[in-house]
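Throughout, numbering of the chain's residues begins at 1 and tracks the sequence.
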Amino acid sequence: MPGSTKVADAMRKRTLLAFALAALALGRGGAVEIYRVGGEDLPRPSEAGVNFHQLSWSDFEEEQSLDTEALAAGTLRPIFLTPATNIALTSPERNGGPYVRVSGVASYSITDLSKNMIDADPTTFWEWVAGIQSRFTGQRYLESRRVTMDLGGLFFVNRVRVVAAESGLYPDGLYVSADLGVQKKDTVSGYGAARVGGQLVFELPENVQDTIDVSFPPALARSVGLLLLRASPKSLHIGEVEVYGVGYAHQASYVSPFIDLGEPAVWGDIRWRGRQDPRARVWIQSRAGKDLDPNVYWRFTGRGDEVTSLDEEGQPLDATDYLFLKPGEAGEITYDIDNWSFWSSPYAFADSSGTAIASPGPNSVLQLRVDFLPVGSEGGELEFIEFSATKPPLAEQVLGEIYPPEVTLGEIASFRYAIQPIIRAQHSGFDGVEIAAPFGVASVDSVQATGLDSFAVHIAPDSLRFAVSLFPPRTSGDSGGVIEVFFRAPVLRYGTTFRGWVSDSQRPLELAQPINRGDAASEIVSEVLTVRTSISRRLLDDIEVRPKIVTPNGDGINEQINFSFKLLQVTQEVPLRLAVFDLSGRSLRVIHDGQQHSGGLRFSWDGRDENGERVPPGLYVYRISVESEKGGDQLAGTVAVVY
């Protein structure tokens, strides 16, 4: 049955991992779960209230073109080709190998005899049996046969060796091609059509040597095509085919097993340790789900083209059911979008010390993916990936939305942040709300909710976050009720997200639960936590603000902030204004207000107000605005004053 082997392997791996994690979880009493993949020789976390789980790189759902020796030693990295690395020798480890024509049919497959060409023993061979001489005298004999060496991954190849097992039984000519495609074959018969094409990288029309050793400029290839020629009906005994290359595998990947936490959990941070060379990329992604299988399995009911994801007794089909469906009954396998998220965007590699898990929660299963994208001899590696979680969650789900979803760039806007929790009897609920304001918060004006007696607000010193304590706490009796937080904050970038969390002060060691965007309040038409800004045709560009912290204390260091930017697309002088404001929106200093031509401009601010007095330490907003016949444009940002 199509895909049966892959499905069976996946079932086995998921079962083994579930048993392993269940064993690790016995006797846990900590508030925070930490899972580490790789880094077995590193110390375990020593913090109180932490339950630690160690996993290995060698356990994986899928892998491609990884260095197996490094993997066994505890490091994840792509294969690196030295001049002595024979890629063909290890191709079966990557589901590759030598495809040859199967006798009697015009199809190609990997056979027991063709494997002799990659066993490092030149005395064993694949035979191209003797041909039949033409009855017509004087007619030249010339015959060709193709061998396709599937490397099992993308590599830059630059050398091929073909070794005859017996003297004289060598090809009389050889053409080598580099092909990016994969040798396709039928999953039942194992046969496939010959691959024809690719980039011709070497021509040897005539040969009289038992060993052919050819080099050529590096060419990217998934498979190497060898067109063997013979000028007589002799047998050819090919003992070895060797393929060599340079640099890292063009792409390598790792997909972890399904990491089952046993119950819904709140995701915390993900961190890693590794190396990413300047031109290479290491992409780390995650996805989360509610079960151990992100697929939906379909079967034909026998009524025309009708399909169902249920078995004959009305229960959902799983991988085992699908494996044992009758011939012709198996339908397609689709992604379970109801219970699984898609892969997250790659985490920024520079955030290796810790960044919030991007996959939605609460969910009970997490899976990790790593893609290496080397460039030549520049690649990367990972020592470990580690993430934290808390279970059970404070609520089954917490939805949030912000209004208005679009404001004017650079101005202090008034926002309404609606939060709706679903809290069941098994959940503890929460008494705290935290909201991130990426460019600072000017004020928190009020908090409203049914049954709320009082609230307290705490704004972080940098003004980039604020917390609200709720009394009494929100419990299962408040499930479905809406909490509304009214605050004022600037938006200085298109697509600014106001992330939020809920927390329980009685569970201080545990992770706060993120607020997920959704329909939190029926009277608000938003369902987003990201605020847009009005977009105009760009007149201002290439802004540089250096330094972003000014210390106007007379010591000669960081005494002023320099603003440099470009004024574009104006054919005559236009009014331009640069001003500094506090977080309440009050203007402190107009640095420039006059006419300007297109070109590069530069201004500075010394940390003083219009009266020449030093402003108090804190965060301030600058706004550059310009008006022309084609419209207006603004640039805005924040700077800090420190003493």
Exercise. Classify the side-chain pair Thr530/Thr497 by whether it contains a donor and acceptor separated by less than 3.5 Å.
Key: yes

Quiz item: So Ser235 and His237, side-chain contact (heavy atoms from CB on, under 4.5 Å) or not? Walk me through it.
Solution: CA-CA 7 Å; Ser235 295; His237 290 182; 4.1 Å; yes

Practice problem: Decide if the gap between the ring center of Tyr99 and the ring center of Tyr108 is smaller than 6.0 angstrom. | Solution: no

Quiz item: So, for Tyr335 and Phe342, is the gap between ring centers shorter than 6.0 Å?
Solution: yes

Quiz item: For Asp277, which of Arg281, Arg279, Arg275 qualifies under side-chain hydrogen bond (donor to acceptor under 3.5 Å, both in side chains)?
Solution: Arg275

Self-check item: 4.5 Å side-chain heavy-atom contact, Phe52 and Arg36
Solution: yes

Exercise. Count the heavy atoms belonging to other residues, nucleotides or ligands that lie under 6.0 Å from CH2 of Trp343, then report whether that count exceeds 12.
Key: yes

Quiz item: Going by atom types alone, do Ser58 and Ser56 pair a side-chain donor with an acceptor below 3.5 Å?
Solution: yes

Quiz item: Do Leu292 and Val365 have side chains that get closer than 4.5 Å, going by heavy atoms?
Solution: yes

Quiz item: Do Met117 and Glu240 come within less than 4.5 Å of each other through their side chains, counting heavy atoms only?
Solution: no

Quiz item: So with a 6.0 Å cut-off around NZ of Lys115, is the heavy-atom count from everything else above 12?
Solution: no

Exercise. For residues His250 and Phe155, establish whether the separation of their ring centroids is below 6.0 Å.
Key: no

Quiz item: Looking just at side-chain N and O atoms, do Gln285 and Ser344 make a donor-acceptor pair shorter than 3.5 Å?
Solution: no

